Novice: 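Dumping the structure here so I can ask a few things about it.
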Amino acid sequence: MRVLFSVFLFIFYVEFSTSDLCAASWEGAKSSKTATITVIYSEVKPFIYPINAQELAGIEYELMIDFKRFLKEEYGINIKFDWVKSQNLDQIYETIQREDQHLVLGLAGFSETEQRKKLYNTTPTYMPDISVIVMGSTQPVIMDSAALLNQLKSLPAITVKNTTFEEDILSLKQSFIKDLQVIYIPNGNLINEISQKSDAFGYVDLPLYLLALEEGYLIKRQQLFQVQRAGYTLLYQKNSSWSAPVNQYFNSIDFKLNLNKVIKKYLGNDVTELLKHVSSEDSLNTKKEIALLTKEKEIQSQQLINAALSAQRQRLVRNFLIFGSIFLLIIALFIYNRYKYKRRSNEALQKKNDEIEQQNKQIEQQKGELEVFNKELVKINEHVNEQNTIIEEQFQDLQQHKEQIEAQNDVLEGKNGELVSLNDEKNYLIGLLAHDLRSPVNQVKGLVQLMQLTAENLNEEQAEYLNKIIDSAERINTMIHRILDVEAIESKDLKLNLVKFNIILLLDKMADQYGKQASAKQIDIHRTYLEQEPVLVEIDENYTHQVFENLLSNAIKFSPSERAIHISIDIEENFIVCTIKDEGPGLTEEDQKKLFNKYQKLSAKPTAGESSTGLGLSIVKRFVEAMGGKIWCESEPGNGATFKVKLKRVNIN
């Protein structure tokens, strides 16, 4: 019995260990739909740092969160992160090299170097990497290389071991300053150490320098001996089975869109654009330096403004205290004067009391006169009561009219409730009918397609009949989708997924999509865009696609052969207006009144016998207005129709 139990424990251990190893590899993660990724990091702001005892923040932290989303959406894999804080960079390197199964990612704002690429896998770089010499603000900026080297000989260099900053310092020492003194500090705030010493220097990242300058650090940048590398990267195990999904994520469009937002969040728009400019190979060194100097001047000017505002606030506080003291003194004087005034008033009041007693005697005399006057008032009051009686009778008549009106309102509300109920029942029956029709229509279509594939020796007429059946089924399906769209809109079940999108790309896509249909009728599609830059709007891409698909298909449908359709975009302040103009028969004034209503048949007919449900433009109007836009039509009979869609524009930055 003991032997059997031991065998069972051994088998359970082997099974558990095997499943755990499978889940650690990429293939195992895809199979089990779950995996744990170890993230070992060293605090480096703005790449990764704590914001409280429980939460982290930073550029690389948010990239990890987005990587988790990517694996869930692309592969359905649920990722759990094991966050490990490292005391130094050596611990990160040792942890990555020691682990050979689970994915271990190292985060610390690493620069991509040839030495690191030999020892580790590196992700594609995600941000430019430029190192500059920084020293205390009391040191001068020297524009001559020889003079700067002579100055650096007298200063110690501060750096951190096993970093690219150390490589840059050692390269400077080997090439120019043989006896350079190098001071090593633990992995921490290198800029803070340099700013506290007026007689030291070191290499730091350009974005970290600009952020420190904005935070008020007393530092200064030398313009010479800058170092530019391939860019920032993340480290993980050599020959890891996770290379494919890691590279797929870092090369995806979603990653690049998210990366741009994350970098701007932590570095700001100005620093982000500046990094792109100075890291561009197309920019001249002089232009790069001008851009850096301009940014430094902006930061320094802002610091001067802040200092002036602080001094102004101090002056305001001082003036407030002075005026407050004066105000309190004035109040004290006012209280004293009030006391003197009250005493004089009491004396005057006594005199008034004497006068009042004399006046009371006069009042007694006037009382007899008032009694006579009261009798006259009684007569007047009796006349008023008679008038009140008449008014009350008129009020009762009005009350009866009010009750009649309220009764009529109750009847109308009941009728309205019946209409609402009938409308809901109608919508339910239409939706139910549309859903029930979809399945048999698809079955008919599928059976006909199966007949086309399996039937042999079909003659031309039979093949044509089968194609017509398929076309009819597709038209019925289209009508069902339109009906369901209308019912969804009326039930207020319209959910928007708003994104920033280049409207030019969408219009080009639609023009290309319908190019073949237009060519079949010898119709040319002309596009006119005055803006060369991307025109961004905040839209639901799916609904906007349906809007322009409907407008463009209608333009082709109602245009005679050998005509043209014109697509254009105009900018009106904070809005864009997309125009689709055809050269068809145009619309009458009566047609334009019911153009955007449901189930409306207009006088204009498709030029090639195309079908229409009369639902399209009602859906288009609902979609456009739901996205905060506006749609209208300008047309005269015989001069074509021009449909315009107005949407709110979004700034590129």
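Computed from heavy atoms alone, side chains included, the values below leave out hydrogens, waters and symmetry copies. Just so we're clear, the structure is a prediction, and the values are computed from it rather than from any experiment.
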Novice: Decide side chain to side chain contact (heavy atoms under 4.5 Å, CB included) for I48 and L56; before the verdict, give the C-alpha distance in whole Å, the side-chain angles of both, and the deciding distance to 0.1 Å.
Specialist: CA-CA 7 Å; I48 184 167; L56 294 172; 4.3 Å; yes
Novice: Measure from the side-chain N and O atoms of D540 to the backbone N and O of L498, and report whether any donor-acceptor pair falls under 3.5 Å.
Specialist: no
Novice: Could you tell me whether the side chains of Q196 and Y217 share a donor-acceptor contact shorter than 3.5 Å?
Specialist: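 Distance-only check fails for Q196 and Y217.
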Novice: Identify whether NZ of Lys or CZ of Arg in K630 sits under 6.0 Å from the centre of the six-membered ring of W632 and within 45° of that ring's axis.
Specialist: yes
Novice: Evaluate the ring planes of F47 and Y232, with Trp represented by its six-membered ring, and classify them as parallel (under 30°), tilted (30 to 60°) or perpendicular (over 60°).
Specialist: tilted
Novice: Is there a side-chain contact between F501 and T544 (heavy atoms, below 4.5 Å)?
Specialist: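 A side-chain contact under 4.5 Å is absent here.
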Novice: To the closest 0.5 Å, what do you measure between CG (L235) and CG (L89)?
Specialist: 9.5 Å
Novice: Under 3.5 Å, is there a donor-acceptor pair between the side chain of R116 and the main chain of S111?
Specialist: yes
Novice: Could you tell me which non-hydrogen atom of L180 sits nearest to which non-hydrogen atom of L152, and how far apart they are?
Specialist: CD1-O, 3.9 Å
Novice: If only atom types and distance count, is the side chain of N251 paired as donor or acceptor with the main-chain N or O of N247 below 3.5 Å?
Specialist: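 Confirmed, N251 side chain pairs with N247 backbone.
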Novice: Testing the basics here: between I158 and A200, what is the closest heavy-atom pair and its distance to 0.1 Å?
Specialist: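 So the minimum-distance heavy-atom pair works out to CD1-CB, 3.7 Å.
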Novice: With a 4.5 Å heavy-atom cut-off, do Q226 and S131 have their side chains touching?
Specialist: no
Novice: Does a salt bridge link E193 with K197, judged by any charged N lying under 4.0 Å from a carboxylate O?
Specialist: no
Novice: I'd like to check F225 versus L149 (side-chain heavy atoms, cut-off strictly below 4.5 Å). Are they in contact?
Specialist: yes
Novice: Closest heavy-atom contact between C578 and I569?
Specialist: SG-CG1, 4.3 Å
Novice: Does S171 use its side chain to pair, donor to acceptor, with the backbone of E167 at less than 3.5 Å?
Specialist: no
Novice: To the nearest 0.5 Å, what is the distance between CG on L647 and CD1 on I576?
Specialist: 5.0 Å
Novice: Between E99 and T38, is there a donor-acceptor pair closer than 3.5 Å when you use the side chain of the first and the backbone of the second?
Specialist: no
Novice: Tell me, do I40 and Y93 make a side-chain contact under 4.5 Å, heavy atoms counted?
Specialist: no
Novice: Is D168 salt-bridged to R229, going by a charged N under 4.0 Å from an acidic O?
Specialist: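 Salt bridge present between D168 and R229.
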Novice: Is it true that K118 and E114 have a side-chain N and a carboxylate O under 4.0 angstrom from each other?
Specialist: no
Novice: What do the steps show when you test Y203 against I169 for side chain to side chain contact (heavy atoms under 4.5 Å, CB included), and what is the final call?
Specialist: CA-CA 7 Å; Y203 272 98; I169 291 294; 3.6 Å; yes
Novice: Decide yes or no on side chain to side chain contact (heavy atoms under 4.5 Å, CB included) for Y266 and K45, but give the supporting numbers first.
Specialist: CA-CA 9 Å; Y266 289 95; K45 193 174 183 180; over 6 Å; no
Novice: Does any non-hydrogen side-chain atom of I219 lie less than 4.5 Å from one of I191?
Specialist: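 In contact.
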Novice: Can you give me every donor-acceptor pair (side chain of residues 121-128, partner residue at least two apart or in another chain, under 3.5 Å) with its distance?
Specialist:
{"unit_1": "N121", "atom_1": "ND2", "unit_2": "Q237", "atom_2": "O", "d": "3.0"}
{"unit_1": "N121", "atom_1": "ND2", "unit_2": "S243", "atom_2": "OG", "d": "3.1"}
{"unit_1": "T123", "atom_1": "OG1", "unit_2": "T233", "atom_2": "OG1", "d": "3.0"}
{"unit_1": "T123", "atom_1": "OG1", "unit_2": "L234", "atom_2": "N", "d": "3.0"}
{"unit_1": "Y126", "atom_1": "OH", "unit_2": "E60", "atom_2": "OE2", "d": "2.6"}

Novice: Apply ring pair (Phe, Tyr, Trp, His ring centres under 6.0 Å) to residues F623 and Y543 and explain how you reach the verdict.
Specialist: CA-CA 6 Å; F623 285 167; Y543 291 154; 4.3 Å; yes
Novice: For G58, is there any backbone N or O sitting under 3.5 Å from a side-chain donor or acceptor partner on E62?
Specialist: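 No: the side chain of E62 does not pair with the backbone of G58.
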Novice: Can you tell if the side chain of Q513 reaches within under 4.5 Å of the side chain of H545, non-hydrogen atoms only?
Specialist: yes
Novice: Just how far is it from atom CG of N502 to atom CD1 of I539, taken to the nearest 0.5 Å?
Specialist: 9.5 Å
Novice: Side chain to side chain contact (heavy atoms under 4.5 Å, CB included), that's the test. Do Q97 and L119 meet it? Break it down for me.
Specialist: CA-CA 8 Å; Q97 291 176 334; L119 297 174; 4.3 Å; yes
Novice: Once the angle between the rings of F255 and F250 is folded into 0 to 90°, is it parallel (under 30°), tilted (30 to 60°) or perpendicular (over 60°)?
Specialist: tilted
Novice: Taking T163 for its side chain and V160 for its backbone only, find out whether a donor-acceptor pair lies under 3.5 Å.
Specialist: yes
Novice: Side chains of K72 and N78: do they bring a donor and an acceptor to under 3.5 Å?
Specialist: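 The answer is yes; a qualifying pair exists.
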Novice: Using atom types as modelled and distance alone, determine if a side-chain donor or acceptor of N88 lies under 3.5 Å from a backbone N or O of Q91.
Specialist: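 Side chain of N88 to backbone of Q91, a donor-acceptor pair under 3.5 Å: yes, one is there.
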Novice: Could you tell me which non-hydrogen atom of V141 sits nearest to which non-hydrogen atom of R221, and how far apart they are?
Specialist: CG2-O, 3.8 Å
Novice: Between Y120 and K238, is there a cation-pi geometry (under 6.0 Å to ring centre, at most 45° from the normal)?
Specialist: no
Novice: How far apart are the C-alpha atoms of Y249 and W242, what are their side-chain angles, what is the distance that settles it, and do they pass the ring pair (Phe, Tyr, Trp, His ring centres under 6.0 Å) test?
Specialist: CA-CA 11 Å; Y249 167 68; W242 288 76; over 10 Å; no
Novice: Measure from NZ or CZ of K648 to the centre of the six-membered ring of F575 and say whether it is under 6.0 Å with the direction within 45° of the ring axis.
Specialist: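 Pair K648/F575 does not count as cation-pi.
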Novice: Rounded at 0.5 Å granularity, tell me how far CD1 in I96 sits from CZ in R98.
Specialist: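 One gets 10.5 Å once the value is rounded to the nearest 0.5 Å.
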Novice: For A626 versus L496, what's the shortest heavy-atom pair and its separation?
Specialist: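 Shortest heavy-atom separation between A626 and L496 comes out as O-CD1, 3.1 Å.
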Novice: For E73, I'd like to know if atom CD has over 12 heavy atoms of other residues, nucleotides or ligands within 6.0 Å.
Specialist: yes
Novice: Checking side-chain contact (heavy atoms from CB on, under 4.5 Å) between F201 and each of T159, V134, L172, which is the one that passes?
Specialist: L172
Novice: Could you tell me whether the side chain of E55 and the main chain of I51 form a donor-acceptor pair under 3.5 Å?
Specialist: no
Novice: Main chain of W26, side chain of S241: is a donor-acceptor contact present, judged purely on distance under 3.5 Å?
Specialist: yes
Novice: Working note: Y49 + Y41, criterion ring pair (Phe, Tyr, Trp, His ring centres under 6.0 Å); need CA distance, chi angles, decisive distance, verdict.
Specialist: CA-CA 9 Å; Y49 58 94; Y41 66 94; over 10 Å; no
Novice: Between CD1 of I567 and OG1 of T579, what distance do you get to the nearest 0.5 Å?
Specialist: 10.5 Å
Novice: Closest approach of S137 and K220, non-hydrogen atoms and distance?
Specialist: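 Here S137 and K220 meet closest at O-NZ, 2.9 Å.
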Novice: Taking the side chain as every heavy atom from C-beta outward, state whether I92 and F110 have any pair of such atoms under 4.5 Å apart.
Specialist: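 The answer is yes; the side chains approach within 4.5 Å.
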Novice: Classify the ring geometry between F70 and F67 as parallel (under 30°), tilted (30 to 60°) or perpendicular (over 60°).
Specialist: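 Rings of F70 and F67: parallel, as their planes differ by under 30°.
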Novice: Any side-chain heavy atom of V620 within less than 4.5 Å of one from I631?
Specialist: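 Heavy-atom side-chain distance check passes, below 4.5 Å.
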Novice: Enter the distance from K265:NZ to N258:CG here, rounded to the nearest 0.5 Å.
Specialist: 10.0 Å
Novice: If you look only at distance, which donor and acceptor atoms sit under 3.5 Å apart when one is on a side chain in residues 505-512 and the other is two or more places apart or in another chain?
Specialist:
{"unit_1": "D508", "atom_1": "OD1", "unit_2": "R527", "atom_2": "NH1", "d": "3.0"}
{"unit_1": "D508", "atom_1": "OD1", "unit_2": "Y529", "atom_2": "OH", "d": "3.0"}
{"unit_1": "D512", "atom_1": "OD1", "unit_2": "R527", "atom_2": "NH2", "d": "2.7"}

